[in-house]
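Notes follow the structure.
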Amino acid sequence: QVQLVESGGGLVQAGGSLGLSCAASESRVSIFVMGWYRQAPGKQRELVAAATRGGSTNYADSVMGRFTISRDNTRNTVYLEMNNLKPEDTAVYYCNANYIFWGQGTQVTVSS
């Protein structure tokens, strides 16, 4: 079992920046991919960005060029740097590991 602890998020004005971090508990489970998903009210949860242990990254089209995901494999930690935030980025952001383990979620609110 992998436990994910998220931090960051909050309230920011449009055009601002925020950072998220997520640390995975020590575990015998090898974490191959870590990512961030988000869910806005009334919408399905969607992938924001993901990063493999080898360094490959994947982004949703809506955040490409604005968000940057990075990993520290030695600390089993993943980060999400969010720039030029838009009101439509408002959602609960969830950390994910290996597509099956989830964090508790952290709120990101972007005011117009």
When Leu80, Leu47, Asp89 are each screened for side-chain contact (heavy atoms from CB on, under 4.5 Å) with Arg38, the one that passes is Asp89

| message | Can a side-chain donor-acceptor contact be found between Asp72 and Thr77 if the only test is distance below 3.5 angstrom? | response | no

Flag the pair [X] / [Y] as yes when at least one side-chain heavy-atom distance between them is below 4.5 Å, and no otherwise.
| X | Y | answer |
| --- | --- | --- |
| Met82 | Tyr93 | yes |
| Cys95 | Val78 | yes |
| Phe67 | Leu85 | yes |
| Lys86 | Arg66 | yes |
| Leu4 | Val2 | yes |
| Glu6 | Ser21 | no |

Does NZ or CZ of Arg71 lie under 6.0 Å from the centre of the six-membered ring of Tyr79, at an angle within 45° of the ring axis?
no

Do [X] and [Y] share a hydrophobic cluster (ILVMFWY, side-chain heavy atoms under 4.5 Å, transitive)?
| X | Y | answer |
| --- | --- | --- |
| Val48 | Tyr94 | no |
| Val92 | Met34 | no |
| Ile100 | Val5 | no |

Contacts of Thr90 meeting side chain to side chain donor-acceptor pair (under 3.5 Å) (sequence neighbours excluded), chain-then-number -> none

Return all side-chain donor-acceptor pairs below 3.5 angstrom for residues 103-110, not counting sequence neighbours, or 'none' if the list is empty.
unit_1	atom_1	unit_2	atom_2	d
Thr106	OG1	Gly8	O	2.9
Gln107	NE2	Ala91	O	3.4
Gln107	NE2	Thr109	OG1	3.3

Intermediate values then yes/no, ring-ring contact (aromatic ring centres under 6.0 Å, His included), Trp102 and Tyr37:
CA-CA 10 Å; Trp102 293 95; Tyr37 290 70; 5.0 Å; yes

What one should report as the nearest heavy-atom pair of Ala51 and Thr57 is CB-CG2, 4.1 Å

Heavy-atom nearest pair, Asn84 first then Ser17, reads N-OG, 4.3 Å

Side-chain donor/acceptor of Asn96 to backbone N/O of Phe101, under 3.5 Å: yes

Legend entry - Exam field: side chain Asn98 to backbone Val33, donor-acceptor pair closer than 3.5 Å: yes

task: Show your working on side-chain contact (heavy atoms from CB on, under 4.5 Å) between Ile69 and Tyr59 and close with a plain yes or no.
output: CA-CA 9 Å; Ile69 190 170; Tyr59 294 91; 3.4 Å; yes

Note to self: Tell me whether Glu46 at atom CD has more than 12 heavy atoms from other residues, nucleotides or ligands lying less than 6.0 Å away.
What the structure shows: yes

